[in-house]
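Take a look at the structure below.
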2 protein chains.
Amino acid sequence: MYREYPMPTAAKADPAAPGRGRRTTRASGDDRERSILETAEQLLEERPLSEISVDDLAKGAGISRPTFYFYFPSKDAVVLTIIDRLVAAAAGSREQALRTLAEGDPRAGLRQGLADLYAAFRSRRAVTLAAAELRMTNPEARELWAQVLEGWVADVTAVIEAERARGAAPAGEPARDMAIALVQMNERVQYASFAGESPSLEQDRVLDVLVDIWLRAIYGSAEPTSL
Amino acid sequence: MYREYPMPTAAKADPAAPGRGRRTTRASGDDRERSILETAEQLLEERPLSEISVDDLAKGAGISRPTFYFYFPSKDAVVLTIIDRLVAAAAGSREQALRTLAEGDPRAGLRQGLADLYAAFRSRRAVTLAAAELRMTNPEARELWAQVLEGWVADVTAVIEAERARGAAPAGEPARDMAIALVQMNERVQYASFAGESPSLEQDRVLDVLVDIWLRAIYGSAEPTSL
DNA sequence: GAACTTTATCAACACTGTGTCGAGAAGGTC
DNA sequence: GACCTTCTCGACACAGTGTTGATAAAGTTC
């Protein structure tokens, strides 16, 4: 059953929250809910969110439209649940990357981090695109995504500041400002690539190009190499 | 009256296209059309496109909903017309920038170009945001924007290649790939700033940060400054 | 200046999609 | 076997889109 969003905790759904019942918490119900989510993901592979109706989701899950509303308050809520899970998975990558970053070469760590993140979203292309679409009209989606970005920005800011502190990176614009621009660049470039927009990078070029710009932005200066 | 899109020509509307009539081409009609466009722009200052209905536009222009359809085939068409004009204005900035770029210091020209573009879109914040929103659901808007981006990417690619050719910029990822990523970064960063998203750059920081990253990406290398 | 054309207007309609209500079925519990 | 929950859906009320057809007003033609 759909629960109000507890912020991007996004852990596993907690089974049998109320009462002390063993685990017989319902069967049909959970099946239906899962079925709706699966239908949504499947339809998103075929067409954009705006062209999917509540009726499509209900039909796909084998229930009537009113019954859909027993499980989710709206189409947006379904997608938000799916996004929430994707974000949780991506958060795993992020922690992994931070660990790599802390112990090894920061440049290699950075590349690894960007690669993992890219892989996480590419593997759920349809959901990623739906998230961007939903963000345009839904405040909750906007808020969720904002928190995701904020997390990355904070991490990147810390990395840049650390590299500057140890003299590996030259001074420049405030680290947080750089981090915001770089993170947003990644977001946009990856989106365009997933969506197959007209000027966009080929899937297999995305990472190389982004990493190059990140490294130049962080470690290079704006001075010409030769004079 | 709304005409089918002749590609982003987007010059001034041609007055009195058919016949050799002096200039009495209608009065009420053009007024209404203008009135609808003005209403749309005004409402976009207040709320997102998705929360504006055809009825709102009709009411604002002092006509009934069916009459609206005499002037425009849809809400999207109205916004597309407005975007078209903004894009035309921005195209002016672009040419201006290219001229500066050709005759003077490329770095200064680049900065000037980015500044002009930024100014052009900032001055029509609401329309810029509406364009991004419309792009999500409307193929024509997507196409129009794609052509705009394509133009910039082509220009930037040429600049990067020229700078590399004259030895002012080091080799690196393909110039066009860099151009795509940089242009898309600008798009996203500016959008976030205009929309006041949660991690986003302050209006007065946008230009400095973007220019810094552009210059580092183009002129810097990915090697550390110190070792 | 009457007949005719073009331009403009809108009430009424048909349609699509959303979300709610209330009546009931299906199963578990005491 | 009365009694909850859980679940289901037909029927409704709404909001929004886009179309039709009847009609008015203005401009053109002879």
Between B/K75 and B/D55, does at least one N-O distance fall below 4.0 Å, as a salt bridge requires? no
Scan residues 39-46 of chain B against DNA chain C and write down, sorted by residue number, each residue with any heavy atom closer than 4.0 Å; if none is found, say none. none
With sequence neighbours excluded, what pairs up with A/W214 under the ring pair (Phe, Tyr, Trp, His ring centres under 6.0 Å) test? none
Would you mind reading off the distance between B/L49 atom CG and D/dG16 atom C1', rounded to a whole angstrom? 14 Å
Just the rounded figure in Å: distance from C1' of D/dG16 to NZ of B/K59. 12 Å
When the distance from CG of B/D31 to P of C/dT7 is rounded to whole Å, what number comes out? 16 Å
Round to the nearest Å and state the distance from B/F70 atom CZ to C/dT6 atom P. 13 Å
Hits for salt bridge (charged side-chain N to carboxylate O under 4.0 Å, His left out) against B/R125, two or more places apart or cross-chain, chain-then-number order -> none
Rounded to whole Å, the CZ-C1' distance (A/F68 to D/dG10) equals 18 Å
What residues form a salt bridge (charged side-chain N to carboxylate O under 4.0 Å, His left out) with A/R188, not counting sequence neighbours? A/E197, B/E187
Test: salt bridge (Lys or Arg N to Asp or Glu O under 4.0 Å). Region: residues 208-217 of chain B. Which pairs qualify, not counting sequence neighbours? B/R111-B/D208, B/R205-B/D208, B/D212-B/R216
Given atom CD1 of B/I63 and atom C1' of C/dA8, what is their separation to the nearest angstrom? 10 Å
From CZ of A/R32 over to P of C/dA26, roughly how many Å is that when rounded to an integer? 13 Å
Suppose the criterion is ring pair (Phe, Tyr, Trp, His ring centres under 6.0 Å): which pairs have a residue in residues 183-210 of chain A, not counting sequence neighbours? A/Y118-A/F194
What residues, two or more places apart in sequence or in another chain, satisfy salt bridge (charged side-chain N to carboxylate O under 4.0 Å, His left out) together with B/E38? none
Heavy atoms from other residues, nucleotides or ligands near CD of B/E46 exceed 12 (cutoff 6.0 Å): yes
Between B/D56 (CG) and D/dG16 (C1'), how many Å, whole number? 11 Å
Answer yes or no: does a side-chain N or O of A/S64 lie under 4.0 Å from OP1 or OP2 of D/dT8? no
Pick out the pairs of N or O atoms, protein on one side and nucleotides 17-19 of chain D on the other, that lie under 3.5 Å.
residue: D/dT17; atom: OP1; partner: B/V54; partner atom: N; Å: 3.4
residue: D/dT17; atom: OP2; partner: B/V54; partner atom: N; Å: 3.3
residue: D/dT17; atom: O4; partner: B/R65; partner atom: NH2; Å: 3.3
residue: D/dG18; atom: OP2; partner: B/Y69; partner atom: OH; Å: 3.2
residue: D/dG18; atom: N7; partner: B/R65; partner atom: NH1; Å: 2.6
residue: D/dG18; atom: N7; partner: B/R65; partner atom: NH2; Å: 3.4
residue: D/dG18; atom: O6; partner: B/R65; partner atom: NH2; Å: 2.5

Reckon A/T67 has a side-chain N or O less than 4.0 Å from the OP1 or OP2 of D/dC9? yes
By salt bridge (charged side-chain N to carboxylate O under 4.0 Å, His left out), A/R65 pairs with (sequence neighbours left out) none
